[in-house]
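Data block below; observations after.
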Amino acid sequence: MFKKIFAAALLASSVGAFNGQAPAAFTQKHNSESALRMSGGSVVPDLKAPAALYEGAVAAGAAKASKSWGDIFKLGIVSGAHIGFGSYLAITVGGACPGIAASNPGLQKIIFGAFGLPFGLIMTLITGGELFTGNTALVTAAWKEGKTDGKSLMKNWIASYTGNFVGSLLLAYLAFTSQTLGNAPASVAIATAKCNLPFEVAFTRGILCNWLVCMAVYMASGCSTMIGKMTAVWFPISAFVALGLDHSVANMFIIPLGIMRGAEVTFAQMMIKNLIPVTLGNIVGGAVTCMMPFGMTFGKWFKKSE
């Protein structure tokens with residue numbers, strides 16, 4: 001009797017499968033897409049095609065350039081704090097692994113890169129923050145395509161950079177006051193090392209860093225899902241940190257925190273030995289090495305108007 005009931009149930013399920021009964025989630029998505037098409041709308045792809053990705057980046061840059069100084073500055077403060085939180089976590093986790101650093105330095109570097117900065121950038125991208133390093137790519141693209149002017153470009157860069165600095169310093173002070181880092185020496189060691197680089201080394205690290213950061217921002221702008229944006233951000237950002245490259249906004253948090261915790265570095269040294277060369281490198285990395293090839297291929301960069 002049991003065998004007959006089991007056989008009947010199996011036959012019924014097989015018939016249902018051959019009749020093409022789809023899972024509820026698939027059916028709901030299919031119905032939503034059909035409704036969009038019937039209403040004249042369009043389905044947003046999970047990932048834009050390369051040409052559409054560039055067009056979207058230009059549109060995003062134009063929108064950023066059109067904001068007021070005050071709005072850019074306020075959102076810059078938020079983004080500076082977001083990147084500061086990412087650096088804070090990286091120092092807390094990856095910077096507190098002396099045993100791993102001694103026995104397996106490669107593993108320690110990827111731990112330092114994977115836990116921290118990626119989540120800081122995700123918070124900025126999802127909430128519409130203003131991050132100077134990403135703006136060097138997006139707003140530059142809008143300017144080169146004639147969607148904004150040079151004055152608006154400089155307004156965006158200066159307001160976002162200033163806001164990022166304020167947010168980073170605020171979070172550095174809060175992190176120092178919280179005393180969560182204990183006696184861990186990572187912040188002091190990192191700040192000291194970053195402020196003892198030759199100009200050309202800091203400049204080059206800035207180029208390489210923002211090439212990866214802007215690729216993360218660029219790819220994430222073409223993703224319509226949260227998991228897509230997270231994936232686009234995680235790999236390039238964890239890579240730049242693990243490689244030991246320099247991000248001006250992250251350094252606005254890390255170096256002041258190190259100074260507060262006893263690093264023998266002055267404000268002037270921080271600016272001259274690190275932030276100035278790194279910032280210049282970040283501009284080249286975002287505007288030239290990251291965005292220019294796409295602008296020359298999908299846009300109007302250096303092309304004569306007909």
Side-chain angles (χ1 to χ4, degrees), residues 44-54 56-57 60-61 79-80 82-95 97 100-101 104-129 131-138 140-141 164 190 204-251 253-254 278 281-295 297-298:
V44 178
D46 289 343
L47 178 64
K48 293 179 181 178
L53 177 59
Y54 178 73
S79 289
H82 289 165
I83 300 303
F85 268 118
S87 302
Y88 189 11
L89 179 61
I91 291 171
T92 301
V93 178
C97 305
I100 297 176
N104 192 340
L107 177 59
Q108 187 272 335
K109 288 179 180 179
I110 196 61
I111 292 172
F112 192 78
F115 295 95
L117 264 299
F119 106 86
L121 184 57
I122 280 290
M123 288 195 292
T124 278
L125 295 182
I126 297 301
T127 58
L131 184 64
F132 165 76
T133 46
N135 290 350
T136 62
L138 299 182
T140 300
N164 291 165
I190 294 171
T204 304
R205 290 184 183 183
I207 294 174
L208 295 171
C209 170
N210 211 33
W211 192 345
L212 290 174
V213 170
C214 288
M215 281 304 303
V217 172
Y218 186 61
M219 292 189 296
S221 71
C223 300
S224 62
T225 64
M226 183 67 173
I227 190 65
K229 292 181 183 294
M230 291 174 67
T231 303
V233 164
W234 191 85
F235 286 99
I237 301 304
S238 60
F240 103 69
V241 179
L243 289 169
L245 305 178
D246 274 72
H247 187 264
S248 56
V249 180
N251 289 355
F253 168 85
I254 295 171
V278 169
N282 287 169
I283 292 171
V284 174
V288 179
T289 56
C290 175
M291 193 54 65
M292 187 172 70
F294 302 116
T297 304
F298 303 115

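Keep in mind it's a predicted model, so treat the numbers as computed, not measured. Numbers for residues simply follow the sequence, beginning at 1. Values reported hereafter were calculated over all heavy atoms of this structure, with side chains retained and with hydrogens, waters and symmetry mates removed.
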Output for pair (Leu138 CG, Cys290 SG), nearest 0.5 Å, gives 8.5 Å
For the atom pair CD1 (Ile254) and OH (Tyr88), what is the distance rounded to the nearest 0.5 Å?
13.5 Å
So how far is it from Cys209 SG to Phe240 CZ, rounded to the nearest 0.5 Å?
4.0 Å
Nearest atoms (heavy-atom pairs only) where Phe298 meets Pro50:
CZ-CB, 3.6 Å
Rounding to 0.5 Å, atoms CG (Leu131) and CE (Met123) come to a distance of 11.5 Å
Please test His82 against Thr127 for side chain to side chain contact (heavy atoms under 4.5 Å, CB included), starting from the C-alpha separation and ending with a verdict.
CA-CA 10 Å; His82 289 165; Thr127 58; 3.6 Å; yes
Please step through side chain to side chain contact (heavy atoms under 4.5 Å, CB included) for the pair Ser87 and Leu117, ending with a clear verdict.
CA-CA 6 Å; Ser87 302; Leu117 264 299; 3.6 Å; yes
Within a strict 4.5 Å, meaning less than it, do heavy atoms of the His247 and Val278 side chains meet?
no
With the side chain counted from C-beta on, respond yes when Met291 and Thr140 share a heavy-atom pair under 4.5 Å apart, and no when they do not.
no
Taking atom CZ as the centre, does Phe119 end up with more than 12 heavy-atom neighbours from other residues, nucleotides or ligands that are less than 6.0 angstrom away?
yes
Is any side-chain heavy atom of Asn282 closer than 4.5 Å to one of Trp211?
no
Testing the basics here: between Gly113 and Pro118, what is the closest heavy-atom pair and its distance to 0.1 Å?
O-CD, 3.4 Å
Should the heavy atoms of other residues, nucleotides or ligands under 6.0 Å from CE of Met230 be counted, would the total exceed 12?
no
Least distance between heavy atoms, Val233 atom then Ala220 atom:
CG2-CB, 4.1 Å
Donor-acceptor pair, Asp246 side chain versus Arg205 backbone, under 3.5 Å?
no
Find the distance between CD1 (Ile100) and CD1 (Ile110) and round it off to the nearest 0.5 Å.
12.5 Å
Between Gly134 and Cys214, which heavy-atom pair has the shortest distance, and what is it?
CA-SG, 4.1 Å
With the side chain counted from C-beta on, respond yes when Met226 and Ile122 share a heavy-atom pair under 4.5 Å apart, and no when they do not.
yes
Full working for side chain to side chain contact (heavy atoms under 4.5 Å, CB included) between Leu243 and Leu212
CA-CA 11 Å; Leu243 289 169; Leu212 290 174; 4.2 Å; yes
Beyond-backbone contact of Cys223 with Asp46, side-chain heavy atoms, under 4.5 angstrom
no
Is the distance between the ring centroids of Phe294 and Tyr218 less than 6.0 Å?
yes
Measuring only between side-chain heavy atoms, which start at C-beta, is Lys229 closer than 4.5 Å to Ile126?
yes
What distance do Thr289 atom OG1 and Asn210 atom CG have between them, rounded to the nearest 0.5 Å?
7.5 Å
Under 4.5 Å between any side-chain heavy atoms of Ser224 and Lys48, yes or no?
no
So, Asn104 side chain and Leu107 main chain: donor-acceptor pair closer than 3.5 Å or not?
yes
Does some side-chain heavy atom of Ile190 sit less than 4.5 Å from a side-chain heavy atom of Phe112?
yes
Above 12 or not: heavy atoms from other molecules or residues under 6.0 Å from CZ of Phe85?
no
What's the shortest heavy-atom distance between Thr136 and Thr133, and which atoms?
OG1-O, 2.6 Å
Donor-acceptor under 3.5 Å (Gln108 side chain, Gly94 main chain):
yes
